[in-house]
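What follows is one structure encoded as structure tokens, with my remarks underneath.
What you see below is based on every heavy atom in this structure, not just the backbone, and it leaves out hydrogens, waters and symmetry mates. Quick note on labels: first sequence line is chain A, next is B, and so on, each numbered from 1. Quick caveat: nothing in here was measured; it's all calculated off a predicted structure.
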Amino acid sequence: MSNAPAASATAGADYRPPVALRALGAVSTLFGVIAALMILASVLITCHMIFVRGVLGQSTIWQTEAVIYLMIGATLLGLPYVQKLRGHVGVDLLPHMLPRSLRRPLAVLVMVATIVMVAAMVWYGWEMFHQAWRRGWKSESVWAFPLWITYLSVPLGFGLYLLQLLADLWLAVFGPDTTLPEPHPERSPD
Amino acid sequence: MDPLTLGLLVALATVIVLFSGVSVAVGLLIVATLFLWIFDGSRSLEALPELFYAELNSFALLSIPMFIIMGAAIASTRAGPDLYEALERWLTKVPGGLVVSNLGACALFAAMSGSSPATCAAIGKMGIPEMRRRGYPAEVASGSIAAGGTLGILIPPSVTMIVYGIATETSIGRLFLAGVIPGILLTLLFIAWAIFDTWRRGAASAALVSARYTWRQRFEILPRVLPFLAIIAGVLYALYGGVATPSETAAVGALLCIVAAVLIYRMYSRRDLWVVLRDSTRESVMILFIIGAAGVFSFMLSSLFVTQSVAQWIAALEVNRWVLMAVINVFLLVAGFFLPPVAVILMSAPILLPIITAAGFDPYWFAVIVTINMEIGLITPPVGLNLYVINGIAPDISLRQVLVGSMPFVGCMILAIILMCLFPGLATWLPDAVMGAAL
Amino acid sequence: ETLKLSHQWSEGDVRHQVAQMVADEVKAADVDLEIQIFPNQTLFKAREQYTPLSRGQLDMTIFPLSYAGGQQPAYNLTLMPGLVKNHDHAARLSAAPFMEKIEEVMAGDDVKTLVHGYLAGGFGSNKGCITKPEDVQGVTIRAAGKSFEEMLAGAGASISSMASSEIYSALQTGVLDATNTSSESFLSYRLYEQLKCYTPAGDTALWFMYQPLLINKTTFDELTPEQQQALTDASAKAEAWYLEQAKAGDEVTTKAFADAGVEIAEMTPEDFDAWRELAKETAYPAFAASLDGGQELLDMALSVE
Ligand code: NA
Ligand code: NA
């Protein structure tokens, strides 16, 4: 068993993945920082709203909505970074019941299935974004926020997640044994 | 196909997919997509991202990252050790005083953090090494922290209560209140066990190094607990003083904790602040991703009429309501072994709630029952988030030792569930007294 | 054949009963058509039903049309202050050329109306009674509907946006002073426990929301003529009943508030005119500017006697 942050360092000490993979990792981290800042922004906006309403006694039109969009954005844009940190929790019961020789094929299979699923989300998410953009959909509030901006986080977030997954798949197939990405830090007992 | 058969098929597929090592969120998406595709046609796939988006499109979800930030910000300061040291200085005369102070510190920290792993980490970082240094066995040191940490989701604020409130459309403020007395009760049960356990060990515990403190030392440390109490008071004031709604309160708490970390605990370095933000982001994104995916999953269950049929089927069994409650408890317990609390609640609440209310149980009382079951799940393998935290703090303690140490506390939790069934007022009295009878 | 009908309300709600009535009638007609109802947002979330309906992923819904006002600005006219005076006027509006225009817009999204219906609502406050625009000056209010927010802001109220499920605790703790929503929501959220004064929908009311039973047009067109006939007949029957229940619902709510000891205020025709004058300066121009031909559509609606 290993805890989540440490697991991000599973790659062998002397192994350096190709530059493209490291670049992808950097992009994932960048979006992780953006997601974190979005969460921080929603803290501040919510407090701003409470102040404007409670102390100034003025209308609060956009804050609730903005916070919702920021949270959705943070969740989706944070996906690749959390994948990079191996922070998506899962149950590794089957891999640990299998003999060692079958673990890599299963890990690859699981990653391919994940990639197909995430690719489907990118595809249909793009449709969702594109429709809102083409037809100029707005939120039905006074603020009338253009929905394509928040819908864009769906194909963008899943798209970046897909890239990070592909990088991990490359490692799973071609990397040395030590780099076999554990799908998740959580493992079965002992 | 008959919806009940379909339901069995879904359950089987979910178990197989989730055990393969895929992440819980993606696993739920895969199962949901496959069943929608096969039984509802490819057309329903177009709605996938919208269903995912719609599930996240809720202001109440804001409180999840906020209550996680609260815990993470304070956990990265000296507040946890201070709190724990203060309790220790006052409790040295009590048998097992150090364990008792750790448990008390967990309970107090839980009043500020919505997440169990955060509570566990905050107190355990100092508590586990200290207990071992003073001669407590590794089992006791790790088990008490693993179990004490689970109080994070029972004593308000609580991320799982928020998720339950969203899934069942119940009042989050009322859910929080429902957890207060059971949280105190469970803390007392934990402490009672710790005292009994030390007394039981008798001779062995006599060997323990017992620190002595003067009254002066005891009073000296109290001011250091003040910021902590001030934050809790501030959040309670925001919540019940007409300043903010329950969801907004979380942001007030998060801001207070960040400000306290910087101003009072002098956490100036950008690196330290980033660690707080990074850890909160990681945990929040993980939970919110599962929430979005579970939204798609429960759409599938509902669309194929599985949810409705299972509910009707159970209602038609006409078993005694306590038999029903026992069965539901076993189900929750087993689900908790394998899945994180958020996933269990999101997947089962829509099915269970109509059954529960039809059988005459209170939904707020039931939330507490669910939460205690989820607490057990947090310290049982294969997926027990607190176990991983303990492993991170003390990698040399084996999982077996942690489990042996936490087993008695699991017993306390089961006892708490039984007490809750005997005296439902433990959960319902406080919300009724503060907010009036339930809607 | 089975059609899926989704809505956001509980099974005790009048809107569920309308859906149930149509389902029962269609079943009784024995035309091999069944309607499966998903109440309580068990299929789609309240505000997320229009897109799947227009795509045919959902067959039917009972839906406050203004929820889709962000996609089709014309729908904002179905929750517009001062447009509808009372339930009989609402019924005339449903039959007017104005509604035909709205249905043309819906047809463009492959959506068709089966049952017309308006529900009314009122104001509740802890800071005096709200009957005329001056009463909301400096009051923190949560309003249902974009156009209402624009009008109330124009009267000097501070608008606060929050989920309807948070209204109760917000009123209780004093985060909110007042709210404006449907009679049904006033009752189901038990707001009489937290309000000092209630202005119900009476002989004149300001807040009317169009909440029709809709069907995907392609789905409807692909039904056999017998099935279509059964559905249309059932809908006509349900529509008459819906109107009756809408009137009764206002009275039930008013009685519940009176029984709870809440002061009941009344909106006079003069008050109504004052609100309408205010709307002419706030909500109406905003609407007219939101789409091509907006003014024309608004005038059509206003011309219904
Ligand atoms: Na807590
Ligand atoms: Na577990």
Checklist entry - Between A:Thr64 (side chain) and C:Ser161 (backbone), is there a donor-acceptor pair under 3.5 Å? => result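 At least one qualifying donor-acceptor pair exists.
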Next on the checklist: Taking every non-hydrogen pair under 4.5 Å, which of C:Ser158, C:Ala153, C:Ser160 racks up the most with chain A?
Outcome noted: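 Ranked by heavy-atom pairs under 4.5 Å with chain A, first place is C:Ser158.
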Checklist entry - Which bit of C:Val139 comes within less than 4.5 Å of chain A, counting heavy atoms only: side chain, backbone, both or neither? => result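 For C:Val139, there is no contact with chain A at all, as no heavy atom is under 4.5 Å.
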Item to check | Proximal component of C:Ala157, with respect to chain A [non-hydrogen, under 4.5 Å] | outcome: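 The backbone, not the side chain.
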Checklist entry - Can you tell me how far CZ of A:Arg53 sits from CD1 of C:Ile159, rounded to the nearest 0.5 angstrom? => result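 C:Ile159 atom CD1 to A:Arg53 atom CZ measures 12.5 Å (nearest 0.5 Å).
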Item to check | Residues from residues 47-56 of chain C approaching chain A under 4.5 Å (heavy atoms) | outcome: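 Residues of residues 47-56 of chain C touching chain A at under 4.5 Å: C:Arg47, C:Thr51, C:Arg55.
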How about [X]: does its [atom1] atom have over 12 heavy atoms from other parts shown lying under 6.0 Å from it?
X        : atom1 : answer
C:Lys4   : NZ    : yes
C:Glu134 : CD    : yes
A:Trp170 : CH2   : yes
A:Trp62  : CH2   : yes
A:Trp133 : CH2   : no
A:Arg134 : CZ    : yes

Item to check | Options A:Ile50, A:Ile61, A:Val52, A:Leu147, ranked by heavy-atom pairs under 4.5 Å with chain C, top entry | outcome: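 Among the listed options, the one with the most contacts to chain C is A:Ile61.
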Next on the checklist: Tell me which of these, A:Met49, A:Arg135, A:Gln131, has more heavy-atom pairs under 4.5 Å with chain C than the rest.
Outcome noted: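 The answer is A:Gln131.
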Checklist entry - Minimum heavy-atom separation for A:Val142 to C:Lys146, with atom names? => result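 Looking at all heavy atoms of both residues, the closest pair is CG2-O, 3.6 Å.
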Item to check | Residue pair A:Trp137 / C:Gln71: nearest heavy atoms and the distance that separates them | outcome: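 So the two residues come closest at CZ2-OE1, 3.2 Å.
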